[in-house]
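Sequence lines set the chain letters: A, B, ... in the order given, protein chains first and strands last, and positions in each chain run from 1.
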There are 2 protein chains.
Amino acid sequence: MSELIDANTSKEALSKREQQKENKRLALLDAALAVFSRVGFAAAKMDDVAHEAGVSKGTVYLYFDSKETLFKEMVRAKMTPMLTDVAEVLGHPDMSATERLKAHLKFFYKKVLNSDRRQIMRLIMAEGPNFPDLAEFYHANILNRGQAMIGAIIQQGVASGEFRQMEGHGLAQNIAAGALVAGIWKLVFDRFQPIDLDTYFDTHVDLILNGLKA
Amino acid sequence: MSELIDANTSKEALSKREQQKENKRLALLDAALAVFSRVGFAAAKMDDVAHEAGVSKGTVYLYFDSKETLFKEMVRAKMTPMLTDVAEVLGHPDMSATERLKAHLKFFYKKVLNSDRRQIMRLIMAEGPNFPDLAEFYHANILNRGQAMIGAIIQQGVASGEFRQMEGHGLAQNIAAGALVAGIWKLVFDRFQPIDLDTYFDTHVDLILNGLKA
DNA sequence: AATAAATGACTGACTGGTCAGTTATAATAT
DNA sequence: ATATTATAACTGACCAGTCAGTCATTTATT
């Protein structure tokens, strides 16, 4: 657990060992995502995670203190890369609010719903009450930012006359809700009634933009 | 509280024994809902369910074959009474589509989001992938009906000129999505950012009705 | 360069505890 | 009396977490 003090300012390349260690860590996080997604936190076996990462169970404990730590770090590790990407959506200040909102939602569909991350979304809903600090992390880092962005877009739209003025308790949540439900549906009910994310997205955007229109 | 499709239409009152047995069964279902809601399926202990129902663990097995059976029967028992109630919403054929949709959503907020049932909603999302037959039951009995009703209302609205014609892949889901998200939010993130269901409902309805307006 | 010593990653059998489900026994209603 | 309902001790499987020992890689010595 003690590194941080960078003794390796000398050379760029990681030693063979360090590479392997890093790879193993990533493999373990991938395996954790797979196993936790499949059966949930409580039913997940550390043995399965280990096996899926091509490693023995003892090894998992060289990388993570406990099952709970593994779970939390996995969620954090899989979610944080998204945070940096968000900037890309805000990158075009010449867009109309309408276009921007559409782009924002598109981003969510693409980065979350069409990837492993939708499993994490479900895990947060399923396990959130049992892991308050994880729920808080998710709220503070993902949901809050999403809300703030939507809020800013709405403001722009109202200012430009594209959108009507709305009293907004839960407005952001309502705007994003369709996307969340699409993700859940895909994971839970798709086998009984499949949905196509692309056309679903069109319906979603159509409904919301019309709802906001001045 | 009050449910159970009554098999006992017999004129005679139940014997003391039968009453007690029935009460115990209901107490067990209530306890099961409480415990499963609190910790999820895998982490729930039959001992806790028994204790919460004021009974010993062995007794639980006199009423339910297994933990899994208990879980499934609980979900069914808690959900089915809603099905009969649904008629009440359709009961007024003189309503406009707008009023009807509003009433329908209100019904959902009241009957699901403001009751224990929102926990079940979350449980379905959390455990659904592990209990395909339960997910199917929920889909067939709750979601399908909800969709059908929304679909009918939309049709009425289009016919009457209240709503515009929309290509509807996922339209029903998008209309209901706000309510689902409200339920989830209340259970997972309310402690970090509380929402008020009444004003949230107003926003939801406002946004959706405007989105549908011709 | 070759060999030895040191390091640190990895393993898997083991433990201690938990918990679903069973059963022998007791209590209670009819 | 006897059939039904309840109990609580019990069993056996299961699994998170540990640890003594093995193996692979790196560093030091010659």
Which donor-acceptor pairs under 3.5 Å do side chains of residues 29-45 of chain A form with protein atoms, sequence neighbours excluded?
unit_1: A/D30; atom_1: OD1; unit_2: A/K78; atom_2: NZ; d: 2.4
unit_1: A/S37; atom_1: OG; unit_2: A/L33; atom_2: O; d: 2.6
unit_1: A/R38; atom_1: NH2; unit_2: A/E52; atom_2: OE1; d: 3.1
unit_1: A/R38; atom_1: NH2; unit_2: A/E52; atom_2: OE2; d: 3.1

(message) If the condition is side chain to side chain contact (heavy atoms under 4.5 Å, CB included), which residues does B/A176 pass it with, not counting sequence neighbours?
(response) B/I150
(request) Return no unless some side-chain N or O of B/Y63 is found under 4.0 Å from OP1 or OP2 of D/dT5. (result) no
(message) Under the rule for side-chain hydrogen bond (donor to acceptor under 3.5 Å, both in side chains), what residues qualify as partners of A/K72, not counting sequence neighbours?
(response) A/E68, A/D133
(request) Taking side-chain hydrogen bond (donor to acceptor under 3.5 Å, both in side chains) as the test, write out the residues that go with B/Y109, two or more places apart. (result) B/H204
(request) List for me each residue that meets salt bridge (charged side-chain N to carboxylate O under 4.0 Å, His left out) alongside A/D206, sequence neighbours excluded, and say none if there are none. (result) B/R164
Polar atom pairs (N or O), protein with nucleotides 11-14 of chain C, under 3.5 Å:
unit_1: C/dT11; atom_1: OP2; unit_2: A/S56; atom_2: N; d: 2.7
unit_1: C/dT11; atom_1: OP2; unit_2: A/S56; atom_2: OG; d: 3.1
unit_1: C/dT11; atom_1: OP2; unit_2: A/T59; atom_2: OG1; d: 2.6
unit_1: C/dT11; atom_1: O5'; unit_2: A/S56; atom_2: OG; d: 3.2

(request) Write down the distance between CG (B/N23) and P (D/dT5), rounded to a whole number of angstrom. (result) 13 Å
(message) To the nearest 0.5 Å, what is the distance between CG on A/L105 and CD1 on A/I153?
(response) 8.0 Å
Set out, line by line, the N/O atom pairs under 3.5 Å between protein and nucleotides 20-22 of chain D.
none

(request) Under the side-chain hydrogen bond (donor to acceptor under 3.5 Å, both in side chains) rule, collect the residues that match up with B/N130, sequence neighbours excluded. (result) none
(request) Report the residues that fulfil side-chain hydrogen bond (donor to acceptor under 3.5 Å, both in side chains) with B/E99, sequence neighbours left out, ordered by chain and then residue number. (result) B/S96
(message) With a 4.0 Å limit, can you tell me whether B/Y61 has a side-chain N or O closer than that to the phosphate oxygens OP1/OP2 of D/dT7?
(response) no
(request) State which residues pass side chain to side chain contact (heavy atoms under 4.5 Å, CB included) with A/T69; sequence neighbours excluded, sorted by chain then number. (result) A/D65, A/S66, A/E73
(request) Output the residues of residues 36-50 of chain A in contact with DNA chain D, where contact means a heavy atom of the residue under 4.0 Å from an atom of the strand; sort by number or write none. (result) A/A44, A/K45, A/M46
(message) Taking salt bridge (Lys or Arg N to Asp or Glu O under 4.0 Å) as the cut-off, I'd like each qualifying pair that reaches into residues 172-188 of chain B, sequence neighbours left out, listed once.
(response) B/K186-B/D190
(message) Rounded to whole Å, how long is the line connecting atom CG of B/L70 with atom C1' of C/dC19?
(response) 15 Å
(request) Please round to the nearest 0.5 Å and tell me the distance separating atom CG of B/N144 and atom CD of B/E136. (result) 10.0 Å
(message) Can you identify which nucleotide, out of D/dT5, C/dG21, D/dG17, has its nearest atom closest to the B/K21 side chain?
(response) D/dT5
(message) Rounding to an integer number of Å, can you tell me how far B/F64 CZ sits from D/dT5 P?
(response) 14 Å
